[in-house]
Amino acid sequence: MLKIIHNPRCRKSREALNILQNNKLEPVVIEYLKNPLNKIQLEEVFSLLSKFDQEKIIRKNELIYKKEYKNKILSKYDLINAILKHPILLERPIVIKDKKAIIGRPPENILALLK
């Protein structure tokens, strides 16, 4: 199954969705700001990301991050709890295929999952 954790207001997220659709793929689209992921879903996404992408799962330029989390050492569980509390902190897009996930920044990164 192919999924995209998506924000339609985000240009990079729209580009990633277009890449999938241009490759004749129709992913399940999860608009995480309308329907935030729960703890189990976030733990699954986290476990499917590479260690490199796990470190990039949170949006550090968001004001809420700067106010509440900047200069703190955050564990995996701290990151998950921050995203649960503030879904806007979840980096996007994230594309999931089978047992792998990748952050689509830049959107072309997702092509690695399509091979």
Show me the donor-acceptor pairs within less than 3.5 Å that the side chains of residues 74-87 make with the rest of the protein, sequence neighbours left out.
unit_1 : atom_1 : unit_2 : atom_2 : d
Ser75  : OG     : Tyr77  : N      : 3.3
Ser75  : OG     : Asp78  : N      : 3.1
Ser75  : OG     : Asp78  : OD2    : 3.2
Asp78  : OD2    : Ser75  : N      : 3.0
Asn81  : ND2    : Tyr77  : O      : 3.1
His86  : NE2    : Glu68  : OE1    : 3.4

Would you mind writing out the side-chain donor-acceptor pairs for residues 26-35 within the sub-3.5 Å range, not counting sequence neighbours?
unit_1 : atom_1 : unit_2 : atom_2 : d
Glu31  : OE1    : Lys34  : NZ     : 3.4
Tyr32  : OH     : Leu90  : O      : 3.4
Tyr32  : OH     : Arg92  : NH1    : 3.3

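Considering all non-hydrogen atoms of both residues, Gln41 and Leu37 come closest at OE1-CA, 3.3 Å. Minimum heavy-atom separation, Asp53 to Ile103: OD2-N, 3.1 Å. Closest approach of Pro8 and Arg14 over heavy atoms only: O-NH1, 3.0 Å. Taking both residues in full, the closest heavy atoms of Gly104 and Ile110 are given as CA-CG2, 3.9 Å, listed atom of the first, atom of the second, then distance. Residues Ala16 and Ile4 come closest through the heavy atom pair CB-CD1, 4.0 Å.
Annotation: the span from Lys3 atom NZ to Ile5 atom CD1 amounts to 8.0 Å, rounded to 0.5 Å. To the nearest 0.5 Å, atoms NZ (Lys97) and CG (Leu25) are separated by 7.5 Å. Note that the CG atom of Leu17 and the CG atom of Asn22 stand 9.5 Å from one another [nearest 0.5 Å]. Atom CD1 in Ile64 sits 10.5 Å away from atom CD1 in Ile88 (nearest 0.5 Å).
Looking at Leu48 and Lys100, their side chains never come closer than 4.5 Å, going by heavy atoms from C-beta outward. Contact annotation: the side chain of Arg105 approaches that of Cys10 to within less than 4.5 Å [non-hydrogen atoms, C-beta and beyond]. At least one side-chain heavy atom of Ile94 sits less than 4.5 Å from a side-chain heavy atom of Val45.
Taking the charged nitrogens against the carboxylate oxygens, Arg59 and Glu91 do have a contact shorter than 4.0 Å, which makes a salt bridge. Salt bridge absent: Lys66 and Glu62 never bring a charged side-chain N and a carboxylate O closer than 4.0 Å.
A donor-acceptor pair is defined here as one N or O able to donate and one able to accept, closer than 3.5 Å; such a pair exists between the side chain of Ser47 and the backbone of Glu44.
For the side chain to side chain contact (heavy atoms under 4.5 Å, CB included) criterion with Leu2, the lone passing option out of Asp98, Ile96, Leu113, Leu20 is Leu20.
Counting non-hydrogen atoms of other residues, nucleotides and ligands closer than 6.0 Å to NZ of Lys39 gives a total of 12 or fewer.
Using a 4.5 Å cut-off between side-chain heavy atoms of Ile, Leu, Val, Met, Phe, Trp and Tyr, with links allowed through other members, Met1 and Leu49 fall into the same hydrophobic cluster.
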